[in-house]
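As structure tokens, the structure follows; a few thoughts come after it.
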Amino acid sequence: MAGGAFVLPKARPKGPPYFSRNQVAQALHQVAVLLELNGANVFRVRSYQNASRMLGGLTQDLGELVASGELFELKGIGKGLGSALSQAIGEGRWPDDWIALHTDTPEGMIEMLGIPGLGPKRIKIMNQELGVDSITTLREAAEDDSIAGLKGFGAKSQQRMLDGIELLARFRSRRRLDIGLKYGEAFEQRISKIPGVQKAQLAGSARRRKDTIGDLDLVVAVDDSDKESVSNAILQLPGIADIKGAGDSKISLILDTSIFDENFSIGHIDTNVLDAIGGDDYEQLEAGGTIDAQVRLVSLEVFPFTLAYFTGSKEHNIAMRQRAIDRGLRLSEFGLIPEKDAGDLKGMAAAKYSLSAIDENEIYQHLDLDWVTPELREDTGEILAAQSEELPNLIVQSDIRGSLHNHTTLSDGEASLEQMADAARKIGWNWLGLADHSPSLKIANGANAEDLLAQGELIKRYNSEWASEGVDFRLFHGVESDILEGGKLDHPDDILSQLDYTVASVHAMNKWKGRDEQTNTEELMRCIDHPSTTILGHPTGRILQGRDGYEVDMFAIIEYMAEYNKNGEMKAVELNASPYRLDLDWRLCKFAKTNNVPIIINPDAHSIRGLADIAYGVMAARKGWLESGDVLNSLSGDDLATLLK
DNA sequence: GCCGTTTTCGGCCCGACTGTTTTCAGTCG
């Protein structure tokens, strides 16, 4: 939780419900972490984590669930959590022991969890024995050699903590998807070329296309006889900054930018946004920096099992394992082994009894499931869907026929209208929407009404030219209007009504981040009420690894937009495809879909190259269960024109 | 703290690696 303080969310002034879904999920997550640090039973901790995750993805109204008592029927909510949450949501008071955990646990102990190799147990011991309660006091204790003397600790772990503190200071723990994928693909290619390597494939959160990547997982198939030479060759590859560990089957590394053949550069984002998140510092961190990588060496027969296992997620794997157990099988990274054959054998020793599978598909078949595409493996309903042949037919990039939020030189874009249109045609799109910034956003050279309308005339001229030439391409004319005080838009109504559409976005982040969730949510609703508002742009304003978004109840916003759509007035939510944003979050896409709120994937391109960011938007959309029919991007120019009228 | 159609008590996914040990605990994924 970048930048977020570790405090219990404050109750809304009016209630019930006094807390939103997000706030409850956040509180449960924090209590789980604090319980861990206080030495609580690991299964108790897990039930808090499970409840947090389950409630965070819930689609029903939490206030109603509490009022009706249905809260207690949810899987993972029992007597204890049920009554704690009923009190919190119904009366606006968190349980006393949750409050005590927050007041009594030093903030520094939570930060210490970020140090690699250091977990809650040893943090607690150091706290009790040495009074260590922050990264600063930990460094002092390590430097005067008092940690090495503790029982169960030694000189090596003391040094590792010092290294870890150094690492934490220099680099962030996660990398954006685009950067992680670049590292991952470069690493995969280099390993594939090593003699003796039969297969090498990127797994982990990169393969699941999460918006940020913690570390890279590479699964490599190799004969036992080649294991040693391949392992040695991997350790000699360029781009390895450090070797954290190297066993028979697992190599743990830190990669840096020398893994790339060419100069490594990161994508572009608006200058005004970059300034707000630390400018040069952010760019340096992202363009330099390192990423952790784990390599697993296995035989070809075991490869599909290892690939599936390390593609994860943890929650998906747990559910898969449980499904195997229900069928008298034991699933691990080495195979799918009948319990009666496995006996006491563990790991590779039991692998020879495994059911065979030439690929992941056959593993899923053994468990009576359709193959689940990696993006969906988050245990958010995919196993149930795979069981009943109801997995979605996910959108692919070739379904995209255009996008609606793009900039030109009229505001802060680098390319002219003509250049943008030309580029869109070249990548095979049938239409392109231009939505330059509005006047209030001075730093982005927001265009005034006169220039905006002149742009509209130009677009009309080009459109009629293309139509007469029989070219299946057209431009749509919109604006990215800043959302002003009270949810107002940034142009008079008579200007906005002359456009094809309006993307309404928040840019005054400082103001919005200084306010509570309820105020922000209501202000966004007032903006959605405006008849000209067609699309809600980058709905939370987050910058991945840069800044959190402002607080807003997106579930409520989507439900509010759903009402308009039900009544025949189209209100769409943007999935901003910039890898800096990926906002709407993938977790909310399915919620928008089930509420029949259309989604538009927008690259927010500020240059020709920026259009290519659509790829990351499609990845996020797939992760969010979206099919081509759920997004406006798949419409023909004619159908979109009809819809916008 | 949650859960249950062989269960209201005794389980809760499973294995590798590291550093500390002389058989194991902590951490990670």
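Computation of the quantities below employed the complete heavy-atom set of this structure, encompassing side-chain atoms and omitting hydrogens, waters and symmetry-equivalent molecules. Chain naming here is simple, since letters A, B, ... match the order of the sequence lines and numbering starts at 1 in each.
Between B/dT20 and B/dA25, the distance separating the two C1' atoms is 9 Å to the nearest Å. B/dG29 and B/dT23: their C1' atoms are spaced 24 Å apart (whole Å). Taking the C1' atom of each, B/dC2 and B/dT7 are spaced 14 Å apart, rounded to whole Å. Atom P of B/dT21 sits at a distance of 27 Å from the matching atom of B/dG15, rounded to the whole Å. Look at the C1' atom in both B/dC12 and B/dG19: the space between them is 28 Å, to the nearest Å. With both ends at atom C1', the span from B/dT6 to B/dG10 equals 15 Å, rounded to whole Å. Spacing of P atoms, B/dT22 relative to B/dG26, comes out at 15 Å, to the nearest Å. Using C1' as the reference atom, B/dA16 and B/dC3 are 30 Å apart when rounded to the nearest Å.
Proximity of the aromatic rings of A/Y183 and A/F260 is defined here by a centroid distance below 6.0 angstrom, and this criterion is met.
Listed by first and then second residue, the ring-ring contact (aromatic ring centres under 6.0 Å, His included) pairs that reach into residues 67-95 of chain A are A/F19-A/W94, A/W94-A/W98, sequence neighbours excluded. Listed by first then second residue, pairs satisfying side-chain hydrogen bond (donor to acceptor under 3.5 Å, both in side chains) with a partner in residues 357-366 of chain A read A/R207-A/E360, A/H316-A/Y364, A/E360-A/W371, A/E360-A/R377, A/Y364-A/R377, not counting sequence neighbours. A side-chain hydrogen bond (donor to acceptor under 3.5 Å, both in side chains) check over residues 73-84 of chain A, counting only residues at least two apart or in different chains, returns nothing.
Evaluation of the ring-ring contact (aromatic ring centres under 6.0 Å, His included) rule for A/F153 yields no partner, not counting sequence neighbours. Among residues two or more places apart in sequence or in another chain, the side chain to side chain donor-acceptor pair (under 3.5 Å) test is passed with A/R46 by none. The salt bridge (Lys or Arg N to Asp or Glu O under 4.0 Å) search around A/D211 returns A/R542, not counting sequence neighbours. Looking at residues two or more places apart in sequence or on another chain, you find no salt bridge (Lys or Arg N to Asp or Glu O under 4.0 Å) involving A/R21. Residues satisfying the ring-ring contact (aromatic ring centres under 6.0 Å, His included) test with A/F310, not counting sequence neighbours, are none. Under the rule for a salt bridge (Lys or Arg N to Asp or Glu O under 4.0 Å), A/R209 has no partner lying at least two apart in sequence or in another chain.
B/dC17 atom P lies 15 Å from atom CD1 of A/I243, rounded to whole Å. Across the protein-nucleic acid pair, A/M161 atom CE and B/dT27 atom P stand 9 Å apart, rounded to whole Å. Remark: C1' of B/dC14 and CG of A/L329 are 15 Å apart, rounded to the nearest angstrom. Atom-to-atom, CD1 of A/I213 to P of B/dG29 comes out at 13 Å; the value is rounded to the nearest Å. Note: NE2 (A/H316) to C1' (B/dG29) measures 15 Å, nearest angstrom. The CG atom of A/L253 sits 18 Å away from the P atom of B/dC28 (whole-angstrom rounding). Separating the CG atom of A/L118 from the C1' atom of B/dT18 is a distance of 14 Å, rounded to the nearest angstrom. The separation between A/R296 atom CZ and B/dA16 atom C1' is 8 Å, rounded to whole Å.
Within the structure, every side-chain polar atom (N or O) of A/S252 is placed at least 4.0 Å from both OP1 and OP2 of B/dC28.
A residue-by-residue look at A/I115 and A/S249 shows that A/S249 has its nearest nucleotide of DNA chain B further toward the 5' end. Heavy-atom distances to DNA chain B give each of A/F310 and A/Q158 a nearest nucleotide, and the one nearer the 5′ end belongs to A/Q158.
If you check the side chains of A/N22 and A/S20, you find no donor sitting under 3.5 Å from an acceptor. Under 3.5 Å, the side chains of A/Q30 and A/Q26 contain a donor-acceptor pair of N or O atoms.
A/A32 comes within contact range of no nucleotide atom at all, as no heavy-atom separation falls under 4.0 Å. Contacts of A/A148 with the nucleic acid, taken as non-hydrogen atoms under 4.0 Å apart, are absent.
Within 90° of 0 lies the glycosidic angle of B/dT7, which makes this nucleotide syn.
The pairing partner recorded for B/dC14 is B/dG29, the criterion being a Watson-Crick or G-U wobble arrangement whose two distances lie under 3.5 angstrom.
For residues 365-374 of chain A, proximity to DNA chain B is found at no residue, defined as any non-hydrogen atom under 4.0 angstrom from a strand atom.
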Next on the checklist: Each nucleotide in nucleotides 2-13 of chain B should get exactly one letter: B, S or -. Can you fill that in based on protein heavy atoms under 4.0 Å?
Outcome noted: SS--------BB

Might you list the N or O atoms of the protein lying below 3.5 Å from N or O atoms in nucleotides 22-26 of chain B, with each pair's distance?
none

Checklist entry - Do A/M126 and A/I147 pass the side chain to side chain contact (heavy atoms under 4.5 Å, CB included) test, and can you show the C-alpha distance, the side-chain angles, and the key distance before you say yes or no? => result CA-CA 8 Å; A/M126 291 189 294; A/I147 289 172; 3.8 Å; yes

